[in-house]
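Encoded as structure tokens, the structure appears first; notes follow it.
Residue numbers run from 1 in the order of the sequence given.
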Amino acid sequence: MTTQNSGAPRATLSVTDGALMMVGVIIGIGIFKTPQIVAFNVPNDFWFIAAWVLGGVGTLIGALVYAELAAAYPSTGGEYHFLTRAYGQRVGFLFAWARTTVIQTGAIAAICFVLGDYAQQIYSLGTHGSAIYGAAGLFIFTLVNLAGTYQSKTAQNVLTVLESCALAAIALVGFMYGGGVAPAASGGDLSVGAFGLAMVLILLTYGGWNEAAYISADLKNVKRDMIRILLIGTAVVTVLYVLINLAYLNVLGLDGIRKSDAVAASVMRAAFGASGAIILSVIVICAAASTINASIFTGARLYHALGQDLALERLRIWNVEGNNPRNAIIVQSVIAFVLIVFGAMSQDGFLGMVLYTSPVFWFFILLTGLGLMVLRQTDPDRERPFRVPLYPITPILFCLMCGYLLYSSLAYAASKDANIFGWVGVGVLLLGVPLAFLVQRRRTT
């Protein structure tokens with residue numbers, strides 16, 4: 001291996017870079033899809049906004065747990081590194097298998113379909129246009145990431161600022177052009193089950209904050225900066241989400257949100273007429289592009305860490321010139337492309353990929369939360385620059401939240417309305433179990 005290709009990550013990311021990366025991953029398309037369903041499951045305006053605030057609180061709890069882990073165990077492997085330390089190499093490998101074949105690549109493919117769906121609204125490419133546009137977006141941002149860490153982080157900063165400004169603009173339009181709709185009459189008592197479903201959707205919309213763990217080795221001062229990144233990112237997203245939902249209420253009212261299949265489009269149409277739909281499509285494409293770029297950036301770090309542990313020469317190469325894991329980026333994008341092709345077989349490629357990833361994702365996030373408590377016991381002398389407050393209450397709350405989301409995703413996968421994609425994801429995870437034992441045997445012989 002040449003000197004050029006045998007390097008390690010250079011710590012070049014600032015707090016601003018990290019926070020923008022986190023915000024870019026979180027703000028995807030959920031904010032344009034989930035408010036209608038949330039509105040159906042709450043009785044009045046107060047609980048509608050309260051649910052989004054609680055989503056920010058739940059995200060903050062998860063961020064605090066990850067801040068301790070990432071500051072104490074910085075690594076390009078993120079959760080793979082945490083889980084290996086907490087439970088051993090088999091569990092760590094099983095997570096790596098799941099993330100590379102289901103979680104991260106499936107998430108990238110899902111967002112590519114969203115980009116394609118809205119690009120189709122501007123210029124249709126026919127029946128499989130969404131998949132074609134999605135594959136093109138994947139190719140473009142793979143090239144951006146292959147160019148180097150500087151290029152990908154610069155693109156991310158620009159995209160995140162654009163999408164954040166766009167969301168703020170939609171909120172401003174809502175407040176400026178809203179008709180001052182009167183609060184909806186109470187739809188009855190608050191149902192625990194219905195509100196729970198609303199929170200599942202909201203926490204999915206806040207999802208992606210955990211990706212900050214994968215840039216811990218790239219931060220200039222991870223011990224100080226990780227908690228700042230997670231707190232700033234959580235605060236920015238929560239404020240934007242609450243503001244935009246207040247704007248939805250101002251323009252449409254809770255009953256109007258319930259009746260609208262595209263809430264943001266309804267707001268833009270009220271302000272700008274038919275051209276508002278085109279404006280919204282551009283905004284969503286920008287948001288999707290931001291998430292794709294950030295997900296490629298963070299996701300490839302795991303392949304590099306896995307290559308180091310398994311002595312896989314090609315995967316563990318870190319390109320010094322670009323300060324990035326080029327081979328890992330290529331492998332990840334190839335798998336994501338295969339999943340785009342797979343998802344194109346479904347009527348709704350985005351929903352298929354969400355079902356494919358959700359049960360597996362929440363299973364390992366739950367294990368990570370439990371892993372914090374395991375590591376507190378098994379590695380008590382480890383320097384912890386940040387300690388999660390109110391321990392062990394905070395991680396227990398986080399684990400309960402993850403457990404509920406795991407249950408909900410499995411319950412939906414088993415419902416008559418679901419397709420087979422959720423069980424395919426679980427099946428792919430189970431295929432990794434014998435591989436984990438084979439890898440363990442290889443290491444011990």
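N245 contributes a side-chain N or O that, together with a main-chain N or O of Y241, makes up a donor-acceptor pair within less than 3.5 Å. Panel note: side chain R90, backbone F437; no donor-acceptor pair is recorded below 3.5 Å. In this structure, Y87 contributes its side chain and G371 its backbone to a donor-acceptor pair below 3.5 Å. The main-chain N or O of G126 is found under 3.5 Å from a side-chain atom of Q120 such that the two form a donor-acceptor pair. Without hydrogens or angle criteria, W97 side chain to V428 main chain gives a donor-acceptor distance under 3.5 Å. In this structure a side-chain-to-backbone donor-acceptor pair under 3.5 Å is present from Y206 to W52. Between the S152 side chain and the G148 main chain, a donor and an acceptor come within less than 3.5 Å of each other. Under a 3.5 Å cut-off, the side chain of Q104 and the backbone N or O of S295 do form a donor-acceptor pair. Of the possible donor and acceptor atoms, one in the side chain of T291 sits under 3.5 Å from a partner among the backbone N and O of G24. Here the side chain of N250 pairs a donor or acceptor atom with the backbone of G174 at under 3.5 angstrom.
F337 CZ: 12 or fewer foreign heavy atoms inside a 6.0 Å radius.
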Audit row: Y66, T368, side-chain contact (heavy atoms from CB on, under 4.5 Å) steps and yes/no | CA-CA 9 Å; Y66 269 64; T368 304; 3.5 Å; yes

May I have the step-by-step check of side-chain contact (heavy atoms from CB on, under 4.5 Å) for V38 and I202, ending in yes or no?
-> CA-CA 8 Å; V38 172; I202 287 173; 3.7 Å; yes

Evaluation steps, side-chain contact (heavy atoms from CB on, under 4.5 Å), between I108 and C112 = CA-CA 6 Å; I108 292 171; C112 285; 4.2 Å; yes

Please assess T100 against T105 for the test side-chain contact (heavy atoms from CB on, under 4.5 Å), listing each intermediate value before the final yes or no.
-> CA-CA 6 Å; T100 55; T105 46; 5.6 Å; no

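Residue I257 comes nearest to Q36 through the heavy atom pair O-CG, 3.3 Å, listed as atom of the first residue, atom of the second, then distance. For A63 against L230, the heavy-atom pair with the smallest separation is O-CD1, 3.2 Å. Taking every heavy atom of both residues into account, C286 and E163 meet most closely at SG-N, 3.9 Å. Here the shortest heavy-atom pairing between L339 and G106 reads CD1-N, 3.5 Å. Nearest approach of S130 to D117, heavy atoms of both residues: OG-OD1, 2.6 Å. Minimum heavy-atom separation, L146 to R326: O-NE, 3.2 Å.
The side-chain heavy atoms of D225 and L13, taken from C-beta on, include no pair separated by under 4.5 Å. Side chains of F48 and P35 form a contact here, defined as non-hydrogen atoms less than 4.5 Å apart. Between F95 and L367 the shortest side-chain heavy-atom distance does not fall below 4.5 Å. Residues V426 and F363 fail the side-chain proximity criterion, which asks for heavy atoms closer than 4.5 Å. At least one side-chain heavy atom of T234 sits less than 4.5 Å from a side-chain heavy atom of M22. Annotation: side chain of T238 is not in contact with side chain of T59 (no heavy-atom distance under 4.5 Å). In this structure, the side chains of L429 and V102 stay at 4.5 Å or more apart for every pair of heavy atoms. No side-chain heavy atom of W362 sits less than 4.5 Å from a side-chain heavy atom of L366.
Remark: of the listed residues N145, I140, V144, L138, L138 is the sole one forming a side chain to side chain contact (heavy atoms under 4.5 Å, CB included) with T142.
The distance from atom CZ of F297 to atom CE of M21, rounded to the nearest 0.5 Å, is 4.5 Å. Taking CG from L231 and CG from L60, the interatomic distance works out to 6.5 Å, rounded to the nearest 0.5 Å. In this structure, the separation between OG1 on T298 and CG on N293 is 9.5 Å, given to the nearest 0.5 Å. Here the CG atom belonging to L167 is positioned 4.5 Å from the CD1 atom belonging to I244, to the nearest 0.5 angstrom. The distance from atom CG of N157 to atom OG1 of T160, rounded to the nearest 0.5 Å, is 6.5 Å. Between atom CG of residue N210 and atom CZ of residue F364 there is a gap of 13.0 Å, rounded to the nearest 0.5 Å.
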